[in-house]
Undergrad: 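First, the structure itself, so that you have it in front of you.
Fair warning: this is a prediction, and the values are worked out from it, not measured in the lab. Just so it is clear: chains get the letters A, B, ... in the order the sequence lines come, proteins before strands, and each one is counted from 1.
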2 protein chains.
Amino acid sequence: MSKTILNNYFQSLFPIPEKIVEEITGTFCDFSLSKNTILLNKDTISTKTYFLEKGYMRSYILNQDNEEVTTNIYSAPCFVNDFLSFFKKQPSKEIYQTLTDCSFWETSLDNVQANFHNIPEFREFSRLLFVINYYKLNDRMIEVKSEKAETRYLNLLKQQPNIFQHISLKIIASYLGITDSTLSRIRKELSKI
Amino acid sequence: MSKTILNNYFQSLFPIPEKIVEEITGTFCDFSLSKNTILLNKDTISTKTYFLEKGYMRSYILNQDNEEVTTNIYSAPCFVNDFLSFFKKQPSKEIYQTLTDCSFWETSLDNVQANFHNIPEFREFSRLLFVINYYKLNDRMIEVKSEKAETRYLNLLKQQPNIFQHISLKIIASYLGITDSTLSRIRKELSKI
DNA sequence: ATAAACACTTGACAAATGACAAGAAATTAT
DNA sequence: ATAATTTCTTGTCATTTGTCAAGTGTTTAT
């Protein structure tokens, strides 16, 4: 299994000498999961960091009424982590589930720690990954507070058109913070124009 | 000016030997701002990291209609950072404003970088700060998507009762993602019970 | 091949929230 | 001390979104 995609991902955020990238990704192992499989369940501690090389995933929580609320959608290539669970060794509140067949790279916390403390470039990379993730989440937060559902749908359609080919509208609706009925009506309205 | 509060904050998240904490905070300088002053304006690059020792702040953005949307509320003691602007040297999209008289500690990116690469304990501390901030933001995201305004208000009242003594309801409403009229009605309804 | 489960749409109605305007109360500036 | 500004409340009405239930078409499991 070639590590090209994984290695390129490291290069894409931050210029890192190829030798160092190979040192970082040396401990990563690959595996695959089929559609609708749970990668990380709630109430479990995440012991690995995951890189999604191919496929689509989501994370979701169950609210008081046991309804699923999609918290994030992941399209490869990207890292998939429950930061709190992985770094603080706490039980995850969210469930991470594949939405298509997926292939991954994983490595352990020990390896991440070794890289974090020994490889300056990896430290910078990790921090950048945090900054970018935080910023994306913050943007979504602003959007959900200040835009109505139709605008949020249109933004998503523009920013991640590919997910509509692979993920059900029910899940996309829950990601947008609306019901599937409402999303259906929004799409109907927009199709009239 | 005593660095006790600042030093204790470092100790509170992660056990760090006192000598090392003093090494970390050695480069921090203090300053004060009066109420309703802008600490960091939009379209500017954040060159400092800030620790709010005393007082209350908020960050907000201006939406298309030039309305203020409060993105975060800060109550001392805590770090106040625009991560993307500070670490990626990009213009900030948000405005950071004091809501009461505030006192701060600040240090430069160069100092943060030196600590990040030279002091393992600081690296761990920084990462933990990111993890905690991300997790809080994620929780708020889940809340705003799955709870109605009244529940969000009650949660805020429970989790941060102190802010209601220092921050106007208009700003709190905008933080909750509702109008001040709606917040006023929610409070009226609740007071009846 | 058939049944079961799921995805999507739609209708009728209810609930939540916003928009706008006006007024009272509190705070701030001069 | 007075005026100006801001904060908070409240009324009326419109808009957005949710709830529940039903129906159709598609996918999945056996």
Side-chain angles (χ1 to χ4, degrees), chain A residues 33-38 56 58 60 63-70 73 97-101 142-157 163-193, chain B residues 33-38 56 58 60 63-70 73 97-101 142-157 163-193:
Chain A
L33 293 179
S34 57
K35 187 175 171 173
N36 290 328
T37 307
I38 288 173
Y56 293 87
R58 68 157 174 162
Y60 66 98
N63 69 8
Q64 318 85 305
D65 304 332
N66 245 39
E67 292 158 345
E68 300 178 355
V69 180
T70 298
I73 288 177
Q97 176 195 40
T98 60
L99 298 175
T100 62
D101 292 352
I142 291 169
E143 201 184 43
V144 82
K145 283 203 299 195
S146 61
E147 307 288 358
K148 62 179 191 170
E150 183 179 303
T151 312
R152 302 203 305 274
Y153 165 73
L154 286 171
N155 287 349
L156 187 62
L157 199 58
I163 67 175
F164 290 85
Q165 266 86 65
H166 299 95
I167 300 177
S168 75
L169 292 177
K170 195 181 162 179
I171 287 175
I172 289 175
S174 138
Y175 178 65
L176 289 169
I178 56 180
T179 59
D180 47 348
S181 310
T182 299
L183 179 55
S184 185
R185 289 191 181 101
I186 287 171
R187 286 162 60 88
K188 191 184 177 187
E189 274 310 303
L190 289 170
S191 71
K192 283 184 189 164
I193 305 165
Chain B
L33 293 179
S34 58
K35 187 174 172 176
N36 290 328
T37 308
I38 288 173
Y56 293 87
R58 68 157 173 160
Y60 65 97
N63 69 9
Q64 320 84 303
D65 305 331
N66 245 39
E67 293 158 345
E68 299 178 356
V69 179
T70 298
I73 287 176
Q97 175 196 40
T98 60
L99 298 174
T100 62
D101 292 353
I142 292 168
E143 202 184 41
V144 81
K145 282 203 298 193
S146 62
E147 307 289 359
K148 61 179 191 171
E150 184 180 303
T151 312
R152 302 203 304 274
Y153 166 72
L154 286 170
N155 287 348
L156 188 61
L157 200 57
I163 67 175
F164 290 84
Q165 267 85 64
H166 299 96
I167 299 177
S168 75
L169 292 177
K170 194 181 163 180
I171 287 174
I172 290 175
S174 139
Y175 179 64
L176 288 169
I178 57 180
T179 59
D180 47 349
S181 312
T182 298
L183 179 55
S184 184
R185 290 191 179 99
I186 287 172
R187 286 163 60 88
K188 191 186 179 186
E189 274 310 303
L190 288 169
S191 71
K192 285 185 189 165
I193 304 167

Undergrad: To the side chain of B:Ser184, which of D:dT10, C:dT9, D:dT7 is closest?
TA: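 Minimum distance to the B:Ser184 side chain belongs to D:dT10.
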
Undergrad: Of A:Asp180 and B:Glu67, whose closest DNA chain C nucleotide lies nearer the 5' terminus?
TA: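 By nearest-heavy-atom nucleotide position, the 5'-most residue is A:Asp180.
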
Undergrad: Between atom NZ in A:Lys188 and atom C1' in C:dA7, what is the gap in whole Å?
TA: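 So the two atoms are 17 Å apart, to the nearest Å.
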
Undergrad: Can you tell me how far C1' of D:dT6 sits from CG of B:Leu99, to the nearest Å?
TA: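 Distance, rounded to whole Å: 14 Å.
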
Undergrad: What is the separation between atom CD on A:Glu150 and atom P on D:dG18, rounded to the nearest whole Å?
TA: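 Roughly 14 Å, once rounded to whole Å.
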
Undergrad: For the residue pair A:Arg58 and A:Glu68, establish whether any side-chain heavy-atom pair is separated by less than 4.5 Å.
TA: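 Answer yes - side chains close enough.
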
Undergrad: With no hydrogens and no angle check, just 3.5 Å: does a side-chain donor-acceptor pair link B:Asn155 and B:Glu143?
TA: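 Note: B:Asn155 and B:Glu143 side chains meet the donor-acceptor criterion.
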
Undergrad: Quick one: which of D:dT16, D:dT10, C:dT17 gets closest to the side chain of B:Ser181?
TA: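 Shortest atom-to-atom distance from the side chain points to D:dT10.
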
Undergrad: Which one, D:dT17, D:dC8, C:dT17, comes nearest to the side chain of B:Thr182?
TA: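 Side chain of B:Thr182 sits closest to C:dT17.
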
Undergrad: In terms of ring plane angle, is the pair A:Tyr56 and A:His166 parallel, tilted or perpendicular, where the classes change at 30° and 60°?
TA: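 Parallel: the ring planes of A:Tyr56 and A:His166 meet at under 30°.
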
Undergrad: Which nucleotide in the list D:dT19, C:dT9, D:dT10 gets nearest to the side chain of A:Arg187?
TA: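 Of the candidates, C:dT9 comes closest.
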
Undergrad: Report the distance from atom CG of B:Leu169 to atom C1' of D:dT10, rounded to the nearest whole Å.
TA: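 The distance from CG of B:Leu169 to C1' of D:dT10 comes to 15 Å, rounded to the nearest Å.
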
Undergrad: Is A:Leu190 close to A:Tyr153 at the side-chain level, that is, under 4.5 Å between some pair of heavy atoms?
TA: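 Of all side-chain heavy-atom pairs linking A:Leu190 with A:Tyr153, at least one is under 4.5 Å.
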
Undergrad: For the base of C:dG18, is there a side-chain donor-acceptor partner from B:Arg185 under 3.5 Å away?
TA: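 Result: no qualifying N/O pair found.
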
Undergrad: Report the nucleotide, chosen from C:dT17, C:dA7, C:dG18, that has the shortest atom-to-atom distance to any side-chain atom of B:Thr179.
TA: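 The nucleotide sitting nearest to the side chain is C:dG18.
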
Undergrad: Between A:Leu99 and A:Ile163, is there a side-chain heavy-atom distance shorter than 4.5 Å?
TA: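 Not touching, per the 4.5 Å side-chain cut-off.
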
Undergrad: How close or far is atom P of D:dG25 from atom NZ of A:Lys170, stated in whole angstroms?
TA: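 Going from NZ in A:Lys170 over to P in D:dG25 covers 20 Å.
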
Undergrad: Counting side-chain heavy atoms from CB outward, which of D:dT10, C:dC8, D:dT28 is closest to A:Ser168?
TA: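 Side chain of A:Ser168 sits closest to C:dC8.
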
Undergrad: Rounded to whole angstroms, how far apart are CD on B:Glu189 and C1' on D:dG11?
TA: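 Taking CD of B:Glu189 and C1' of D:dG11, I get 14 Å after rounding.
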
Undergrad: Whole Å only: how far is the CD1 atom of A:Ile178 from the C1' atom of C:dA15?
TA: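 Taking CD1 of A:Ile178 and C1' of C:dA15, I get 17 Å after rounding.
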
Undergrad: Counting heavy atoms from C-beta on, name the nucleotide in C:dT17, C:dT28, D:dT17 closest to the side chain of B:Lys35.
TA: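 Per side-chain heavy atoms of B:Lys35, the pick is C:dT28.
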
Undergrad: Taking atom P of C:dT28 as reference, at what distance in whole Å does atom CG of B:Asn36 sit?
TA: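 Nearest whole value for this atom pair: 9 Å.
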
